[in-house]
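Here is the structure we will look at, set down as structure tokens.
Treat the numbers as computed from the prediction; the structure is a model and nothing was measured.
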Amino acid sequence: RGALTHNPRIKNEVIRKRLLIDGDGAGDDRRINLLVKSFIKWCNSGSQEEGYSQYQRMLSTLSQCEFSMGKTLLVYDMNLREMENYEKIYKEIECSIAGAHEKIAECKKQILQAKRIRKNRQEYDALAKVIQHHPDRHETLKELESLGKELEHLSHIKESVEDKLELRRKQFHVLLSTIHELQQTLENDEKLSEVEEAQESTMETDPKP
């Protein structure tokens with residue numbers, strides 16, 4: 001009902017229909033007209049009975065006007081309370097909408113943060129899988145230390161082998177020199193033997209004096 005009283009088009013339509021039904025007016029206007037007519041009749045009444053009758057009608061009309069006014073005031077108060085209630089509900093709805101917008105914005109932030117965390121977690125898992133395929137730092141250092149010791153050991157072996165090769169080279173050189181000297185000695189001995197044999201042959205062929 002409060003919504004109807006605040007709609008001018010509906011209110012004007014109701015008044016127009018009431019005026020069409022009752023030419024003297026509608027509601028309080030009609031009662032006031034009746035009260036004025038009763039008052040005029042009461043003033044022009046010729047007898048006491050007629051005056052008393054008009055007086056009772058005026059009292060009845062006044063009672064109706066008071067009742068209608070009280071009813072109108074009650075309706076007016078009810079409409080005011082309804083308007084206040086509607087305004088309160090409207091404010092609550094506005095607050096709820098504002099709160100919903102804040103929650104939506106917060107949810108969007110949480111979604112973005114969750115997406116970022118998920119992306120970082122996926123990258124971390126991928127990196128962890130790559131790292132798992134490689135030995136850890138302790139094992140790597142241990143293996144490097146072992147390889148260093150093995151390399152040092154191989155270096156000593158190389159030096160030892162080179163020393164042995166140098167010794168064998170010198171020994172081989174000495175052996176070659178000895179063989180060469182022996183060959184030279186054998187050749188000299190062979191030449192000396194040939195000279196001696198030639199001399200002996202010459203002595204045998206020469207006649208004695």
Side-chain angles (χ1 to χ4, degrees), residues 1-7 9 78-209:
R1 182 168 180 171
L4 293 177
T5 54
H6 288 289
N7 193 328
R9 186 178 64 83
M78 183 184 70
N79 290 334
L80 287 179
R81 287 194 295 271
E82 286 183 356
M83 287 180 63
E84 293 176 355
N85 188 30
Y86 289 153
E87 289 179 357
K88 182 179 179 182
I89 294 173
Y90 179 74
K91 290 181 180 179
E92 291 177 354
I93 292 173
E94 283 187 340
C95 293
S96 298
I97 292 173
H101 284 302
E102 292 179 357
K103 288 183 180 179
I104 290 171
E106 185 66 24
C107 289
K108 286 182 179 179
K109 291 181 181 180
Q110 292 178 358
I111 290 172
L112 291 176
Q113 186 177 4
K115 287 182 178 179
R116 193 179 299 111
I117 293 173
R118 182 182 179 185
K119 182 180 178 182
N120 293 338
R121 186 173 296 172
Q122 289 177 349
E123 292 178 354
Y124 173 79
D125 292 339
L127 185 61
K129 290 180 181 179
V130 173
I131 293 175
Q132 285 178 355
H133 292 299
H134 299 278
D136 58 4
R137 189 169 182 268
H138 179 72
E139 293 294 332
T140 303
L141 292 175
K142 187 176 180 180
E143 185 175 356
L144 287 175
E145 184 180 358
S146 177
L147 290 174
K149 290 181 180 180
E150 185 176 357
L151 183 62
E152 185 178 0
H153 178 66
L154 292 175
S155 178
H156 290 315
I157 294 175
K158 179 183 177 183
E159 291 177 359
S160 177
V161 171
E162 287 179 351
D163 292 339
K164 287 182 181 180
L165 286 175
E166 184 66 22
L167 178 61
R168 295 293 184 270
R169 189 179 297 111
K170 290 179 181 180
Q171 290 176 350
F172 184 71
H173 181 71
V174 172
L175 179 61
L176 287 177
S177 298
T178 303
I179 292 173
H180 182 70
E181 290 177 358
L182 179 59
Q183 185 178 2
Q184 197 67 28
T185 301
L186 291 174
E187 289 178 355
N188 292 334
D189 291 342
E190 186 176 355
K191 289 179 179 179
L192 183 59
S193 297
E194 290 179 354
V195 170
E196 289 178 352
E197 288 179 357
Q199 288 177 356
E200 289 179 356
S201 298
T202 303
M203 290 178 64
E204 289 179 354
T205 53
D206 288 341
K208 293 182 181 180

Side chain to side chain contact (heavy atoms under 4.5 Å, CB included) with Glu106: of Glu102, Lys103, Gln110, only one passes, and it is Gln110

Return the CG to CG distance between Asn85 and Asn79, rounded to the nearest 0.5 Å. 12.5 Å

Can you tell me how far CZ of Phe172 sits from CG of Leu165, rounded to the nearest 0.5 angstrom? 13.0 Å

Hey, could you give me the CG/CG distance between Leu175 and Leu182, rounded to the nearest 0.5 Å? 10.5 Å

Rounded to the nearest 0.5 Å, what separates atom CD1 in Ile111 from atom CD1 in Ile104? 10.5 Å

Given side chains that start at C-beta, do those of Ile117 and Arg121 come closer than 4.5 Å, heavy atoms only? yes

Treating Ser146 as the side-chain partner and Lys142 as the backbone partner, does any N or O pair qualify as donor plus acceptor under 3.5 Å? no

side-chain hydrogen bond (donor to acceptor under 3.5 Å, both in side chains) partners for Gln184, two or more places apart: none

Which residue pairs pass the side-chain hydrogen bond (donor to acceptor under 3.5 Å, both in side chains) test when at least one of the two sits in residues 161-170, sequence neighbours left out? Glu166-Arg169

Hey, can you pull the donor-acceptor pairs under 3.5 Å for the side chains in residues 150-160, sequence neighbours left out?
none

Looking at side-chain heavy atoms only, is the closest gap between Arg116 and Gln113 below 4.5 Å? yes

Look up atom CD in Gln183 and atom CG in Asn188, then write down how far apart they are to the nearest 0.5 Å. 10.5 Å

Between atom OG1 of Thr178 and atom CD of Gln171, what is the distance when rounded to the nearest 0.5 Å? 11.5 Å

So do Lys119 and Glu123 actually touch side chain to side chain, heavy atoms under 4.5 Å? yes

